[in-house]
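Ligands are counted one by one from 1 in listed order, and the atoms in each one are counted from 1 as well.
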Amino acid sequence: MRRLVIVSNRVALPGEGAQRSGGLVTGVVDALHHSGGLWFGWSGKLKSARSPPRLVEADGVTYATVDLTRADYDGYYSGLSNAALWPLFHYRLDLVNFTRQDFAAYLRVNALLADTLAPLLKPNDLVWVHDYHLIPMAEELRRVGAAQRIGFFLHTPFPSLGVLAALPHYLEILKSLCAYDLVGFQTIEDLTAFHDAIVRRAGGEVSADGRIHAFDHDLRSGVFPIGVDPDAIADMAARAVKSRTTRRLHESLQGRKLIIGVDRLDYSKGLEHRFKAFACFLEDYPEQRNHVRLLQNATATRSEVPEYCALRQRLGALAGDVAGRYARLDWAPIQYLNRSFSQHSLAGFFRISSVALVTPLRDGMNLVAKEYVAAQNPEDPGVLILSPFAGAAYELDAALIANPFDPGAVAEALQKALQMPIEERRERWRDMMEVLHRNNITAWRESFLGVLGSPI
Ligand code: ADP
């Protein structure tokens, strides 16, 4: 068996993975624990000078981490990755903050990471690079002589050409992607957008099976929707409902129905739209007041990017506004928390929630949607309300699909979910579970690595 080498911006060291939120970490931890191998990336620490990589071994996995300087971090991570590529890939041109200095830092750090990784590679390794921070990695590894198979998976959406072309260096980004042997996306929409850009702007050729010839390279491309381990989540949720934390939450409801939202605090998640839609629901269906509670958990991330601080303030104000308008002496309509919970606690919360609101404005996949479904009690499953702009909507079409830009539609979906007969809830849930089993985390890993390792 070939050794698996995972390259991602941030490495979650042993014991750290469970606490860190993010779909990438969840998927990568699972892949490495399955097959062993090497995980290479940033340590999450800053250093004044460059130092050699730190190596840690645990449970068949080698963790190789490097520190970044403050200038690298500001330009590569906070700058180009999170203030330019992230908003661009999520269709938020209004939030793109691009500078040439940040782009130079992005290339410099990718080159530095490739220089550090190359000596750790063995000839037969399969190298799997993750996400938008590291698009130039294959080009940089080739520059220092790496001949291994190298694949790339984009966890975020890939934007359509009209949006992509706002990035001054988008042709370089396309060229960098074409230096891989395999490029994978979450949905057919992302893959199609990539093909379209290759054909229309790079003069490349794309065949029906996803083979691409562009920039003098041949590569393959495909759709590999990231999944979860539904059986493990179901077990965890069944145990978690008996835990003190979940019981406390359950008792606090006093018979009211719980509507849950769990997200990183990010503008792509549509939290402001969600709070406004919930207010619209309380307005349109006054009979539901005092019978429901929205629990919105939003863990703060990337707080060094100014837009995230501003969003946090706006959300706090909005939550207060909804509460102020509708709360009664013995009922608070909205419970808004910025802290992080363990996967175990979340699974318990999901299981006792009648409805999940997963309404991002754009999302590569959204694993919370899948985790919510997997955590349900088969006898009495809750209802998933899902945005059509989450990658998950391409698979979970048995959810109630509601457009987050239409508060009335989300309010209607909430009412429908709360009144849905048990037979319909079970049928929709069974359909979604079938998809979760078919496209689980193992299928994701095996299908991507299967194509990457197969003869060209
Ligand atoms: P993203 O990768 O954009 O954060 P996903 O929904 O794909 O979005 O993945 C989020 C992952 O992080 C899920 O596994 C989810 O359970 C976890 N997560 C999200 N918010 C929290 C939170 N507040 N506490 C703990 N885990 C969280």
Worksheet item: Is Glu139 paired with Lys175 through a side-chain N to carboxylate O contact shorter than 4.0 Å?
Response: yes
Fill in: Part of Leu367 with heavy atoms under 4.0 Å of ligand 1, whether side chain, backbone, both or neither
both
Practice prompt. Consider every N or O of Trp86 and every N or O of ligand 1, then say whether any pair is closer than 3.5 Å.
Written response: no
Discussion item. Polar contacts were defined as any N/O atom of the residue lying under 3.5 Å from an N/O atom of the ligand; does this apply to Phe341 and ligand 1?
Written reply: yes
Worksheet entry | Proximal ligand 1 atoms for Asp263, defined as those under 4.0 Å from one of its heavy atoms | 20 (N)
Tabulate below the donor-acceptor pairs under 3.5 Å that side-chain atoms of residues 226-241 make, not counting sequence neighbours, or state none.
unit_1, atom_1, unit_2, atom_2, d
Asp229, OD1, Asp231, N, 3.4
Asp229, OD1, Ala232, N, 3.2
Asp231, OD1, His437, NE2, 2.8

Practice prompt. In plain terms, say whether Glu251 and Arg244 are close enough for a salt bridge, that is, a side-chain N and a carboxylate O under 4.0 Å apart.
Written response: no
Worksheet item: So is there a nitrogen or oxygen of Asp363 less than 3.5 Å from a nitrogen or oxygen in ligand 1?
Response: no
Worksheet item: Between Arg428 and Leu384, is there a donor-acceptor pair closer than 3.5 Å when you use the side chain of the first and the backbone of the second?
Response: no
Worksheet item: Is it true that Met365 lies under 4.0 Å from ligand 1, counting heavy atoms only?
Response: no
Fill in: Salt bridge Asp67-Lys47, side-chain N to carboxylate O under 4.0 Å
yes
Worksheet item: Relative to the heavy atoms of Asn366, which atoms of ligand 1 are at a distance of less than 4.0 Å?
Response: 6 (O), 7 (O)
Worksheet item: In terms of atom number and element, which parts of ligand 1 are under 4.0 angstrom from non-hydrogen atoms of Val368?
Response: 6 (O), 15 (C)
Worksheet item: What part of Gln343, side chain, backbone, both or neither, has a heavy atom within less than 4.0 angstrom of ligand 1?
Response: side chain
Item to complete: Could you tell me which atoms of ligand 1, counted from 1 in the order shown, lie closer than 4.0 angstrom to a heavy atom of Leu346?
Response: 16 (O), 24 (N), 25 (C), 26 (N), 27 (C)
Practice prompt. Indicate yes or no: at least one non-hydrogen side-chain atom of Trp86 is less than 4.5 angstrom from one of Ser81.
Written response: no
Practice prompt. Name all pairs fulfilling the side-chain hydrogen bond (donor to acceptor under 3.5 Å, both in side chains) condition that reach into residues 377-394, sequence neighbours left out, sorted by first residue then second.
Written response: Glu189-Tyr394, Asp380-Arg425
Practice prompt. Using a strict cut-off of 4.0 Å, indicate which atoms of ligand 1 neighbour a heavy atom of Arg264.
Written response: 1 (P), 3 (O), 4 (O)
Fill in: Close side-chain approach of Gln296 to Asp263, heavy-atom, < 4.5 Å
yes
Discussion item. With a 4.0 Å cut-off on heavy atoms, is Lys269 in contact with ligand 1?
Written reply: yes
